[in-house]
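Counting convention: from 1, in listed order, for ligands and their atoms alike. All heavy atoms count here, side chains included; hydrogens, waters and symmetry mates do not. Just so you know, residue 1 is the first one in the sequence shown, and it goes up from there.
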Amino acid sequence: MRRYSRITGTGSYLPPRRLTNADLVAELGQRGIETSDEWIVERTGIRARHFAAPDVASSDLGLEAARSALQAAGLQPTDIDLIIVATSTPDMVFPSTACILQNKLGANGCPAFDVQAVCSGFVYALTVADAMIQSGAASRALVVGSEVFSRILDFNDRTTCVLFGDGAGAVVLEASETPGVLSSDLHADGKHVGILCVPGNVSGGQVLGDPVLKMDGQAVFKLAVGVLEKAAHAVLAKAGLAEADIDWLIPHQANIRIMQSTAKKLKLPMDKVVVTVDQHGNTSAASIPLALDHGVRTGQVKKGQTLLLEGVGGGFTWGAVLLKL
Ligand code: UT7
């Protein structure tokens, strides 16, 4: 009998400090940076975001999301036999945020590692966990997306600092006789490294280069719209399903205009798209599991429904996962 993987619990966590556009506009104004609620809402759909306190790391946000997902799955930390954390804002250069999270959770002993695919990180991590479960290498995986992007923002650059927020989302993925994950499709094209990156690195005890986020927004936008449609059609074809079979599109939450464009190309009305970008901003690898958990906990997204998860981000990376909840 074929072995599948299935999501049995979801969880998420947002740090308590919430900044509306008005709050951020006022803070940036004190630095002499001009922006407005109108510009941010019109160009991105973002109305608010959460920022973590200075002493709170990705592993702390991920821990809260993981506990909530475990509770939803009715499992204890010690039941978990694999931890994958998708993050581009790790607690340390090394060890991985997954190891730090594992220790805080009390799930010591199982394999734990990070996946670094920026905003596509969660679909990458989910695909790896699914493959490890299908192969028998794991049976109960915790897959987390967690970010503190506020740490890598340049608050003198209005073209990027208004876009991102902090948060975490998690799922428990368990071995199952029925699917579960139906198909996935991952890609990267390293020739676009420069359009979305944090170019700094640590060398000789110093930070070399600029350790803040740089983005050519228009280049990312154009690439994103094209590749997301392709990835969506690829997972549908692999699973033998059609656009009309999708109950919910749960895309990476970067910009409402990208989400609207993807939905239109898939002939999905916006009421089949889970939207959290307005309240969370872009939380990179955390955005899809945050949106998924939001959908589940608000009762919109129900067990047995077919979900299309898709992400796109720095690398350039992109991908999609089609699954039955
Ligand atoms: O998470 C990974 C994936 N990331 C994404 O998907 C992001 C993709 N890109 C985008 O979402 C959009 O390109 C942005 C939201 C980043 C920018 O929107 P845009 O419609 O492409 O704006 P733009 O870059 O063309 O800028 C238009 C104008 C410029 O002024 P001029 O040159 O027309 O006078 C900018 O200087 O808007 C100006 N501008 C701002 N004005 C007020 C840029 N940022 C701001 C700002 N407030 N915060």
Side-chain angles (χ1 to χ4, degrees), residues 19-49 86-89 116-124 145-150 152-167 169 187-189 192-198 212-229 231 250-263 265 273 275-278 280-291 309-320:
L19 281 95
T20 62
N21 287 348
D23 297 330
L24 192 59
V25 168
E27 281 197 15
L28 293 174
Q30 285 172 6
R31 293 167 171 262
I33 306 296
E34 263 186 54
T35 184
S36 66
D37 175 51
E38 294 73 32
W39 190 94
I40 302 169
V41 172
E42 188 190 313
R43 301 288 178 133
T44 71
I46 298 167
R47 293 177 186 276
R49 76 286 293 141
T87 187
S88 300
T89 46
Q116 219 286 36
V118 201
C119 304
S120 313
F122 187 75
V123 289
Y124 266 67
S146 189
E147 303 281 14
V148 283
F149 255 56
S150 59
I152 53 167
L153 296 178
D154 176 357
F155 285 96
N156 292 312
D157 176 7
R158 69 176 184 172
T159 69
T160 53
C161 73
V162 301
L163 306 175
F164 295 89
D166 302 340
H187 297 274
D189 186 348
H192 300 295
V193 162
I195 63 171
L196 178 48
C197 58
V198 177
V212 288
L213 186 146
K214 311 277 179 198
M215 179 166 73
D216 177 345
Q218 287 196 5
V220 172
F221 194 105
K222 277 182 206 141
L223 272 173
V225 169
V227 298
L228 287 174
E229 184 193 4
I250 308 184
H252 170 48
Q253 311 276 321
N255 187 320
I256 190 72
R257 292 186 290 137
I258 297 178
M259 293 154 70
Q260 286 163 339
S261 160
T262 309
K265 287 183 171 171
V273 184
V275 176
T276 51
V277 69
D278 55 334
H280 302 170
N282 181 345
T283 58
S284 193
S287 92
I288 294 173
L290 263 164
L309 278 42
E310 56 175 14
V312 59
F316 204 67
T317 56
W318 67 96

(message) Pairs of nitrogen or oxygen atoms closer than 3.5 Å, one from His252 and one from ligand 1: do any exist?
(response) yes

(message) My understanding is that we take every heavy atom of each candidate and find the minimum distance to atom 6 (O) of ligand 1. Doing that for Asn282, Ile258, Val118, which one comes out nearest?
(response) Ile258

(request) Decide yes or no for Val273 and Pro251: does some side-chain heavy atom of the first lie under 4.5 Å from some side-chain heavy atom of the second? (result) yes

(message) How far is atom 9 (N) of ligand 1 from the closest protein heavy atom, and which atom is that?
(response) Gly217 O, 3.0 Å

(message) Considering non-hydrogen atoms of the protein only, which is the closest contact for atom 22 (O) of ligand 1, and what is the distance?
(response) Arg43 NH1, 3.4 Å

(request) Evaluate the side-chain proximity of Gln253 to His280: yes if any heavy-atom separation is below 4.5 Å, no if none is. (result) no

(request) Taking atom 47 (N) of ligand 1 as the reference point, report whether a protein heavy atom occurs under 4.0 Å from it. (result) yes

(request) Write out the residue and atom name of the closest protein heavy atom to atom 28 (C) of ligand 1, then the distance separating them to 0.1 Å. (result) Trp39 NE1, 4.1 Å

(request) State the CD-CZ distance between Glu27 and Arg31, to the nearest 0.5 angstrom. (result) 8.0 Å

(message) Closer than 4.0 Å to some heavy atom of Leu196 - which atoms of ligand 1 meet that?
(response) 2 (C)

(request) Enter the distance from Gln116:CD to Ser88:OG here, rounded to the nearest 0.5 Å. (result) 4.0 Å

(message) Would Thr283 and Arg49 count as a side-chain contact (heavy atoms from CB on, under 4.5 Å) here? Give the steps.
(response) CA-CA 9 Å; Thr283 58; Arg49 76 286 293 141; over 6 Å; no

(request) Check each heavy atom of Ala254 against ligand 1 and say whether those closer than 4.0 Å belong to the side chain, the backbone, both or neither. (result) side chain

(request) May I ask you to identify the nearest protein heavy atom to atom 36 (O) of ligand 1, giving residue, atom name and distance to one decimal place in Å? (result) Arg158 NH2, 3.3 Å

(request) To the nearest 0.5 Å, tell me how far Ile46 CD1 sits from Thr20 OG1. (result) 13.0 Å

(message) Give me the residue, atom name and distance of the protein heavy atom closest to atom 2 (C) of ligand 1.
(response) Cys119 SG, 3.3 Å

(message) Among Val312, Thr283, Asn255, Ile46, which one puts a heavy atom closest to atom 11 (O) of ligand 1?
(response) Asn255

(message) Distance check, rounded to the nearest 0.5 Å: Lys214 atom NZ versus Cys197 atom SG?
(response) 8.5 Å

(message) To check you understand the geometry: which heavy-atom pair defines the closest contact between Asn21 and Asp37, and what is its length?
(response) ND2-OD1, 2.9 Å

(request) Kindly indicate whether atom 15 (C) of ligand 1 is approached by any protein heavy atom to under 4.0 angstrom. (result) yes

(request) Identify the heavy atoms of Phe155 and Leu24 that sit nearest to each other, and give their distance. (result) CE2-CD1, 4.5 Å

(request) For atom 32 (O) of ligand 1, state whether the nearest protein heavy atom is under 4.0 Å away. (result) no

(request) Look up atom 18 (O) of ligand 1 and tell me if a protein heavy atom lies less than 4.0 Å from it? (result) yes

(message) On a heavy-atom basis, I'd like to know which of Val220, Val162, Asn21, Val225 is closest to atom 4 (N) of ligand 1.
(response) Val220

(message) Geometry only, no angles: is Thr44 polar-contacting ligand 1 at N/O separations under 3.5 Å?
(response) no

(message) If we only consider heavy atoms of Thr160, is any one of them less than 4.0 Å away from an atom in ligand 1?
(response) no

(message) Heavy-atom contact check, 4.0 Å cutoff: does Leu163 meet ligand 1?
(response) yes

(message) Ring-plane angle category for His187 and Trp318, please: parallel below 30°, perpendicular beyond 60°, tilted otherwise.
(response) parallel

(request) May I ask you to list the atoms of ligand 1 that are less than 4.0 angstrom from any heavy atom of Gln218? (result) 13 (O), 21 (O), 23 (P), 25 (O)

(message) If you scan the protein for heavy atoms around atom 41 (N) of ligand 1, do you find one that is closer than 4.0 Å?
(response) yes

(request) Drop me the distance from Ser284's OG to Phe149's CZ, to the nearest 0.5 angstrom. (result) 3.5 Å

(request) Considering non-hydrogen atoms only, spot the tightest contact between Gly167 and Ala286 and give its length. (result) O-CB, 3.3 Å

